[in-house]
Number of protein chains: 2
Amino acid sequence: MDKKTKNLFEARAKIIKALAHPARLFIVDQLSHGEKCVCELTEMIGSDVSTISKHLGILRNNGIISYEKRGTQVFYSLRVPCVLNFFSCVESVISSNAREQLLLLKD
Amino acid sequence: MDKKTKNLFEARAKIIKALAHPARLFIVDQLSHGEKCVCELTEMIGSDVSTISKHLGILRNNGIISYEKRGTQVFYSLRVPCVLNFFSCVESVISSNAREQLLLLKD
DNA sequence: TGGTTATTTGGCAAAATAGCCAATAATATG
DNA sequence: CATATTATTGGCTATTTTGCCAAATAACCA
């Protein structure tokens, strides 16, 4: 694999890795319904604020979400809505796996 | 976040995590052109066979690829082609980030 | 059967990730 | 200004992931 190809796939993996966490997927899902402040997301997820802030930082640094500061609050929104397309495919993988499991049980 | 929601997003993250590695993305990309044996993928990627085999195991265990044994070789193929849709979105994130970088340089 | 090739598995050390607490920064408000 | 609120950052430990080597497994062939 030449260097250029390697860089390409590393860049792609970096973006996907930024999404590869339950809390971060939940955040993306929530932001698809409109902007949310850190406190709202923290409330919903139920981890420490610092933890949520770090998750937001990962999504932000990878250009998946954007933010706007208003007063003491920071509001995040989805910058690249196409990531929502991931969900339907992931869902089909999950149900396909479940069907496979059922088939195996029949043996 | 209730338990059901938590489980849902954990299941989704597990699938996405399985894809979140340069070598594994490369494998998915290659398999989109047709089945490949472990030796071919190993040759292309240039890591140890055992490393490639473990990557394949992760994709396989998450239902993203399937395999068929023929003789001493094992041929892998893409089980859920919709994961290829990820690439175009990821690409748009990357180019959007690049444009953002350019804007920042102008300041 | 013995040897060869292809692949997987076990085990280990290094690196990356996650999540908490404490400390800091920024802004609003009395 | 002092204090409260909201969010980010630093630092730490625990956990997970990665990738190599060595060993085991499987199928083919002489």
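To find a chain, count down the sequence lines: A is the first, B the second, and so on, and within it residues start at 1. Every heavy atom of this structure was used, including side-chain atoms; hydrogens, water molecules and symmetry mates were not.
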Only pairs under 3.5 Å count here: list side-chain donor-acceptor contacts from residues 28-39 of chain B, not counting sequence neighbours, and write none if there are none.
residue, atom, partner, partner atom, Å
B/Ser32, OG, B/Asp29, O, 2.5
B/Glu35, OE2, B/Arg70, NH2, 2.6

Legend entry - Modelled atom types, side-chain donor and acceptor of B/Arg79 and A/Ser96, under 3.5 Å: yes
Inset, instruction - Give one of base, sugar-phosphate or nothing for B/Lys54, where a contact means two heavy atoms less than 4.0 Å apart. - result: base
Inset, instruction - Please round to 10 degrees the angle between the axis of the first five pairs and the axis of the last five pairs in the helix from C/dT1-D/dA30 to C/dG30-D/dC1. - result: 10°
Inset, instruction - Would you mind classifying the nucleic acid contact of A/Ser47 as base, sugar-phosphate or nothing, using non-hydrogen atoms under 4.0 angstrom? - result: sugar-phosphate
Inset, instruction - Would you indicate which nucleotide in D/dA7, D/dC20, D/dG19 comes nearest to any side-chain atom of B/Ser50? - result: D/dC20
Legend entry - Proximity to the side chain of B/Asp48 - top-ranked nucleotide from D/dT18, D/dC20, D/dT17: D/dC20
Inset, instruction - Shoot me the first and last contacting nucleotide of DNA chain C against chain A, ordered 5' to 3', at under 4.0 angstrom to non-hydrogen atoms. - result: C/dT17 to C/dA28
Legend entry - Minimum-distance nucleotide to B/Ile58 side chain [options: D/dT18, D/dG19, D/dA7]: D/dT18
Inset, instruction - Look at the side chain of B/Lys69 and decide which nucleotide, out of D/dT8, D/dA26, D/dA22, has an atom nearest to it. - result: D/dA26
Inset, instruction - Could you tell me whether the phosphate oxygens of D/dA27, OP1 or OP2, come under 4.0 Å of any side-chain nitrogen or oxygen in B/Arg70? - result: no
Legend entry - Under-4.0 Å side-chain N/O to phosphate OP1/OP2 contact, B/His21 with D/dG19: yes
Legend entry - Phosphate-side-chain proximity, A/Tyr76 and D/dT8, N/O vs OP1/OP2 below 4.0 Å: yes
Legend entry - Side-chain ion pair, B/Lys6 and B/Glu10, N-O less than 4.0 Å: yes
